[in-house]
Participant: 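The structure's right below; bear with me while I get my questions together.
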Amino acid sequence: MIILKMNRLIERHGKLALVIIALAVVIPFVFMWGPHSVFDGTARRREVRNAGTMFGEPIEFPVLIRQLRFIQLQLLQSQGRLVQINRGEEGQMILDQAIQRLRLLREARRHNLQPVAEAQIDEWASRPFRTETGGFDREAYDSFSRQWLPHLGLSESDYRDFIRESIVINRLSEIATAGVFVSPLEVEAQLRRDHEQFRLLYRGFDRGDFREAAAAALVPDSRVRQYFDANRGSELGEGMVITELDEATKTAIREHLLIDVGREFYQREIAFIKPHLAETGDLDAALARYQRQYRESTAPAEAGFPFTPAEAEVRVDRYVRAIYQPVRKKLRLAIFDTPFFLDQVEVTEADLRAAYQRESDRYAPRVRARHILLRADEEDPEADREIREKLELLRERIADGEDFAELAREYSEDPGSAPRGGDLGSFRRDQMVAPFAEAAFALDPGETSEVVETRFGYHLIQVEETIPRRELDEVREELRDQIGMAQARSKAWAAADAFAYAVFDRSADFDLETAAGRQRQAEIFLELAQQREVRSQDTEFFNLRQLPPVFRGHRQAAEKAYRTNSEQPLSDVIEGDERYFVAYFLDSAPAQIPEFAAEPEIQQRCVNWARQGKELELARQTAADIHREISEELETAAETIEILKAKFDFAETAPFTRRSPPAQAAEYQWVIIDHLDDLEVATLASPVETRYGALLLWLAERIPADLEELEEEREQTRSRLLNRKADWAIRSFVEDVETRSQTTLADNLLSYLSR
């Protein structure tokens, strides 16, 4: 497709095209790393010329992109999925981590850290591919290097560079934590704090207990009576006729009138931001405009600003975002499903043999086995002899008929396999360390090995099944299906790419900056789809909150299609799950906050928010009233605890510590822990606000820690404090590097990178 575009440019523009072609040749090598790069885009504009500055020097795009790839690689290994660079939170996280990594590498150079030994790189590089017994999983590594590294535009050499840089960055922690120290007094103070015990009484006030009271407060009896008098004899939903004002009728009228409460809530808490949204077209920009104009106003309340900037932000985050509709777009799609191209595929014998050869490890002989592992003690040879003897005794018990799996559960020190009875699953010879593999592959099913020594300790191995090599004839159909699907994917992508270019080529003479030009290109899109018998459809207006059915299961494809706009209406090929799309932007509807009357869901949300707010208010007010009543009564009371429990329904906890919160108060335990330092013995604390109401606390007793009983915990506590201090030291070090770097990033950098 690019070659055809270049030829067309040369035909039309002569020498000027050579400059454009030079850029077209250079840019892919600088910005694109592989066929499915997140930096793809055949006809994308490049608005950003400089990624930013760091330590007074420009951030070079190739360097930044390399680090972005490294962060994607790091997340792939830690999360098991490829995290794409997009304009959402994940994209921002990847960019932030890549910039942080660049800063730390610069700081490492400043400290002249020693080069990393190749052996250490080998060891780090193999860690993600270790088996449960410590062997190297060659199949997993080969799959990773064959599939994911090219997908990220990286080579095995790049992977080693990633490891090398990671080790260097890790060494900075030694510099950051130099001088971190924990004194005996600090350890003692922490032990006292951790093991001090408390016993208290508490009573919670949850908003859920005030549902009916909240409805009555929002719609008082006087309002119910007024409605009854005005509507006597009329119907009130589902055939209910208002004849007399009994309790059932009161409840029905009150629920009906809550809609008015919801409408009032909408006007008070939500509608204030709508004029600003109409001016800006974006919710965050609307909030910023409101806050700016509030601050610029000499009399904001009189000027129609009902909330302070902070209050406005709370309402936007709590209510408005929940119903806000971002810009909705209408697209025309050409859809290329991989299975439809299977009848164009021809898998030859040569294809099968080549695939079998490439996947030879996958079909290699395997064994399915269990093992019992006892760890070796490098500093105590005598202990090693005892371990061998213990395994010999276990081997005798197995020979006498005891179950290997049960003994593995009881004695094995391999935390990964012991709970499964020592089950290691099936494995190839090269997936285990050599002594273990040699012993396992020498056994017949049901046999148990002699004691086998490896660098992980001593093993007994029992083979359950031997799996011979799978020959080509056995896997021929499996391979045929795999190769066929791969070829079908290739053909589907090629058809989609040819379609996209044909639309581009046939509309090259139109002025696409005009509505008429875009309209004609959209018509050409449809005409070509019909001529080539390509499935096409126009979506309804949608945004990424609610995808149309055609994009269900293709979230990332929908995100890329959604990026099309009036300036760049035609997409490149977009990959889905066994499906490819070419998208064309037809129209957009502005961002909006739906009208209250427009959607029953909005009405119900506002009713619920109004009711929940009143419930919370009543819960907290009731807690304050009871606190005042208790305070007055306890001034003359002798049996305080009994009064609290009997008259005011307080519950009592058993003694607990900060590290072991009271199980009796599970719903409040962390609120209690957070407020322990504010409590005084035999004093009723002021009401504590919780997320769902309020809490009253009476501290009955503080029991000091007995340090004589805690000698064994001193070292553990010292280690914990040391780790905590080290974490803070590293965090401070990183923040200092960030401050000194004076990093500035180009405007819209993330949007640019996510194209």
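These values consider heavy atoms only, across backbone and side chains, with no hydrogens, waters or symmetry-generated copies. Everything numeric in this text was worked out from a predicted model, so none of it was measured.
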Participant: What I want to find out is whether Arg395 reaches Glu392 closely enough, with some N-O distance under 4.0 Å, to be called a salt bridge.
Facilitator: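 Here Arg395 does not pair with Glu392 in a salt bridge, since their nearest N and O are not under 4.0 Å apart.
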
Participant: With a 6.0 Å cut-off on the ring centroids, do Tyr319 and Trp609 count as close?
Facilitator: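 Yes.
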
Participant: Taking all non-hydrogen atoms of both residues, which atom of Phe307 and which atom of Glu311 are closest, and how far apart?
Facilitator: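 Looks like CA-OE1, 3.4 Å.
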
Participant: Between Glu453 and Arg388, is the closest basic N to carboxylate O distance under 4.0 Å?
Facilitator: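 Salt bridge: yes.
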
Participant: Going from CG on Leu684 to CD on Glu633, what distance comes out if it is rounded to the nearest 0.5 angstrom?
Facilitator: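 CD of Glu633 is found 12.0 Å from CG of Leu684.
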
Participant: Determine whether His459 and Val451 make a side-chain contact, defined as any pair of heavy atoms from C-beta on separated by less than 4.5 Å.
Facilitator: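 When only atoms from C-beta onward are counted, Val451 and His459 do not touch, as no gap falls below 4.5 Å.
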
Participant: When you measure from the side chain of Thr177 to the backbone N and O of Val180, does any donor-acceptor pair fall under 3.5 Å?
Facilitator: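 Such a contact is absent between Thr177 side chain and Val180 backbone.
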
Participant: Inspect the surroundings of CZ in Phe55 and state if more than 12 heavy atoms from other residues, nucleotides or ligands are less than 6.0 Å away.
Facilitator: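 Enclosed.
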
Participant: Has Arg397 got a side-chain atom pairing as donor or acceptor with Leu393's backbone, closer than 3.5 angstrom?
Facilitator: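 Absent.
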
Participant: Of all heavy-atom pairs between Gln669 and Ala666, which one has the smallest distance, and what is that distance?
Facilitator: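 Taking Gln669 first and Ala666 second, the nearest heavy atoms are CG-O, 3.4 Å.
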
Participant: Please check: side-chain N/O of Ser741 versus main-chain N/O of Glu738, any donor-acceptor pairing under 3.5 Å?
Facilitator: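 Flag set: sc Ser741 to bb Glu738 pair under 3.5 Å.
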
Participant: Of all heavy-atom pairs between Leu201 and Ala700, which one has the smallest distance, and what is that distance?
Facilitator: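 Answer, listing the atom of Leu201 first, then Ala700: CD1-CB, 4.2 Å.
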
Participant: Supply the atom-to-atom distance Arg718 CZ to Asn723 CG, rounded to the nearest 0.5 angstrom.
Facilitator: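 Interatomic distance, Arg718 CZ to Asn723 CG, rounded to 0.5 Å: 9.0 Å.
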
Participant: In the structure I gave you, are the side-chain heavy atoms of Arg620 and Phe205 within less than 4.5 Å of one another anywhere?
Facilitator: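 SC-SC contact between Arg620 and Phe205 ruled out.
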
Participant: Determine, for Lys390 against Glu413, whether the closest basic-nitrogen to carboxylate-oxygen distance falls under 4.0 angstrom.
Facilitator: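 A salt bridge is absent here (no side-chain N lies under 4.0 Å from a carboxylate O).
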
Participant: Measure the spacing between CD of Gln97 and CG of Leu104 and express it to the nearest 0.5 Å.
Facilitator: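 Separation between the atoms: 11.0 Å.
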
Participant: If you count the non-hydrogen atoms of other residues, nucleotides and ligands that lie under 6.0 Å from CD in Glu711, is the total more than 12?
Facilitator: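 Counting other residues, nucleotides and ligands, CD of Glu711 exceeds 12 neighbours.
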
Participant: When you compare the side chains of Arg101 and Ser166, does any donor N or O come within less than 3.5 Å of an acceptor on the partner?
Facilitator: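 Yes, Ser166 and Arg101 have a side-chain donor paired with an acceptor closer than 3.5 Å.
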
Participant: Decide yes or no on side chain to side chain donor-acceptor pair (under 3.5 Å) for Tyr668 and Asp206, but give the supporting numbers first.
Facilitator: CA-CA 11 Å; Tyr668 304 117; Asp206 292 337; 3.1 Å; yes

Participant: Please determine whether the number of non-hydrogen atoms from other residues, nucleotides or ligands lying under 6.0 Å from atom CD of Gln114 exceeds 12.
Facilitator: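 Atom CD in Gln114 is not crowded, with 12 or fewer foreign heavy atoms closer than 6.0 Å.
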
Participant: Going through the checks in order, is the salt bridge (charged side-chain N to carboxylate O under 4.0 Å, His left out) test met by Asp284 and Arg321?
Facilitator: CA-CA 10 Å; Asp284 290 325; Arg321 290 192 194 281; 2.6 Å; yes

Participant: Looking at Thr653 and Leu200, would you say the former's side chain and the latter's main chain have a donor-acceptor pair under 3.5 Å?
Facilitator: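 Yes, the answer is positive, given that a donor and an acceptor are paired below the 3.5 Å cut-off.
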
Participant: Is any side-chain heavy atom of Asp625 closer than 4.5 Å to one of Gln621?
Facilitator: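 A side-chain contact exists here, since the closest heavy-atom pair is under 4.5 Å.
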
Participant: Identify the two heavy atoms, one from Trp698 and one from Thr683, that lie closest to each other, and give their separation to 0.1 Å.
Facilitator: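 Taking every non-hydrogen atom into account, CE3-C, 3.6 Å.
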
Participant: Apply side chain to side chain contact (heavy atoms under 4.5 Å, CB included) to Ile630 and Leu644, showing your working.
Facilitator: CA-CA 8 Å; Ile630 293 173; Leu644 291 175; 3.7 Å; yes

Participant: Between Glu652 and Tyr202, is any pair of side-chain heavy atoms under 4.5 Å apart?
Facilitator: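 Heavy-atom side-chain distance check fails, nothing below 4.5 Å.
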
Participant: Without swapping roles, check the side chain of Ser126 against the backbone of Glu123 for a donor-acceptor pair under 3.5 Å.
Facilitator: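 Checking the backbone N and O of Glu123 against the side chain of Ser126, a donor-acceptor pair under 3.5 Å is found.
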
Participant: Please round to the nearest 0.5 Å and tell me the distance separating atom OG of Ser732 and atom NZ of Lys725.
Facilitator: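 Spacing of OG (Ser732) from NZ (Lys725) equals 12.5 Å.
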
Participant: Quick one: do Ile461 and Arg370 satisfy side chain to side chain contact (heavy atoms under 4.5 Å, CB included)? Show the steps, please.
Facilitator: CA-CA 6 Å; Ile461 307 168; Arg370 299 177 183 271; over 6 Å; no

Participant: Other residues, nucleotides and ligands only: do more than 12 of their heavy atoms fall within 6.0 Å of CZ on Arg268?
Facilitator: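 Yes, because the 6.0 Å sphere around CZ of Arg268 holds more than 12 heavy atoms from other groups.
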
Participant: Can you name the side-chain contact (heavy atoms from CB on, under 4.5 Å) partners of Gln197, sequence neighbours left out?
Facilitator: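 In terms of side-chain contact (heavy atoms from CB on, under 4.5 Å), with neighbours along the sequence ignored, Gln197 is linked to Pro655, Thr657, Ile703.
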
Participant: Determine whether Phe404 and Ile372 make a side-chain contact, defined as any pair of heavy atoms from C-beta on separated by less than 4.5 Å.
Facilitator: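 The answer is yes; the side chains approach within 4.5 Å.
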
Participant: Do Ile643 and Thr640 touch side chain to side chain, with heavy atoms closer than 4.5 Å?
Facilitator: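 Answer no - side chains too far apart.
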
Participant: May I ask you to check whether Ser417 and Asp414 show a side-chain donor-acceptor distance below 3.5 Å?
Facilitator: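 There is such a pair between these side chains.
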
Participant: Let's go through Leu695 and Arg203 carefully: what are the C-alpha distance in whole Å and the side-chain angles of both, what is the deciding distance for side chain to side chain contact (heavy atoms under 4.5 Å, CB included) to 0.1 Å, and is it a yes or a no?
Facilitator: CA-CA 6 Å; Leu695 185 65; Arg203 178 177 170 184; 6.0 Å; no

Participant: Could you go step by step and tell me if Asp677 and Arg193 meet the side chain to side chain contact (heavy atoms under 4.5 Å, CB included) rule?
Facilitator: CA-CA 10 Å; Asp677 291 335; Arg193 181 174 177 81; 3.3 Å; yes

Participant: Show your working on side chain to side chain donor-acceptor pair (under 3.5 Å) between Asp96 and Gln100 and close with a plain yes or no.
Facilitator: CA-CA 6 Å; Asp96 290 345; Gln100 188 74 282; over 6 Å; no

Participant: CZ/Arg318 to CD1/Ile270 distance, rounded to the nearest 0.5 angstrom?
Facilitator: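 Answer rounded to 0.5 Å: 12.0 Å.
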
Participant: Give me the atom names and distance for the closest heavy-atom approach of Ala729 to Ala176.
Facilitator: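 Nearest pair, atom of Ala729 first, then Ala176: CB-O, 3.5 Å.
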
Participant: Give a yes or no on this: more than 12 heavy atoms of other residues, nucleotides or ligands lie within 6.0 Å of atom CZ of Arg691.
Facilitator: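 No.
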
Participant: Are any non-hydrogen side-chain atoms of Leu699 and Glu680 less than 4.5 angstrom apart?
Facilitator: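 Result no, sub-4.5 Å side-chain heavy-atom pair not found.
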
Participant: Could you check, using the six-membered ring where one of them is a Trp, whether Phe144 and Tyr159 have ring centers closer than 6.0 angstrom?
Facilitator: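 Yes: the rings meet the under 6.0 Å criterion.
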
Participant: Is a donor on one side and an acceptor on the other found under 3.5 Å between the side chain of Thr622 and the backbone of Leu618?
Facilitator: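 Yes, Thr622 side chain to Leu618 backbone: donor-acceptor pair under 3.5 Å.
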
Participant: I'd like to know if the side chain of Thr743 pairs up with that of Arg103 as donor and acceptor (distance under 3.5 Å, no hydrogens or angles considered).
Facilitator: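 Thr743 vs Arg103: donor-acceptor pair found between side chains.
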
Participant: Between Ser686 and His627, do the side chains contain an N or O donor and an N or O acceptor separated by less than 3.5 Å?
Facilitator: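 The criterion, which ignores hydrogens and geometry beyond distance, is not satisfied for His627 and Ser686.
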
Participant: In Å, rounded to the nearest 0.5 Å, how long is the span from CD of Glu165 to CG of Asn170?
Facilitator: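 Interatomic distance, Glu165 CD to Asn170 CG, rounded to 0.5 Å: 13.5 Å.
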
Participant: Can you classify the ring geometry of Tyr290 versus Phe272 as parallel (below 30°), tilted (30 to 60°) or perpendicular (above 60°)?
Facilitator: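 Judged by the thresholds at 30° and 60°, the geometry between Tyr290 and Phe272 is perpendicular.
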
Participant: Among side-chain atoms of His195 and Glu709, is any donor-acceptor pair under 3.5 angstrom?
Facilitator: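 Glu709 and His195 do not have a side-chain donor-acceptor pair below 3.5 Å.
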
Participant: Would a distance-only check, ignoring hydrogens and angles, find a side-chain to backbone donor-acceptor pair under 3.5 Å from Ser412 to Leu373?
Facilitator: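 Yes.
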
Participant: Of all the heavy-atom pairs spanning Leu68 and Leu95, show the shortest one and how long it is.
Facilitator: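 Nearest heavy atoms, Leu68 then Leu95: CD2-CA, 3.8 Å.
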
Participant: Can a salt bridge be assigned to the pair Glu174 and Arg171 using a cut-off of 4.0 Å between side-chain N and carboxylate O?
Facilitator: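 Not counted as a salt bridge, because no side-chain N and carboxylate O are separated by less than 4.0 Å.
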
Participant: Thinking salt bridges, do Arg192 and Glu188 make one under a 4.0 Å N-O criterion?
Facilitator: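 Yes, this pair counts.
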
Participant: Check this for me: Glu212, atom CD, are more than 12 non-hydrogen atoms of other residues, nucleotides or ligands nearer than 6.0 Å?
Facilitator: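 No, because the 6.0 Å sphere around CD of Glu212 holds 12 heavy atoms or fewer from other groups.
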
Participant: With a 4.5 Å cut-off on side-chain heavy atoms, are Lys614 and Phe210 touching?
Facilitator: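 Side chain of Phe210 against side chain of Lys614, heavy atoms only: no contact under 4.5 Å found.
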
Participant: In terms of side-chain heavy atoms, does Gln190 have a donor or acceptor partner in Asp194 at a distance below 3.5 Å?
Facilitator: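 Indeed, the side chains of Gln190 and Asp194 share at least one donor-acceptor pair under 3.5 Å.
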
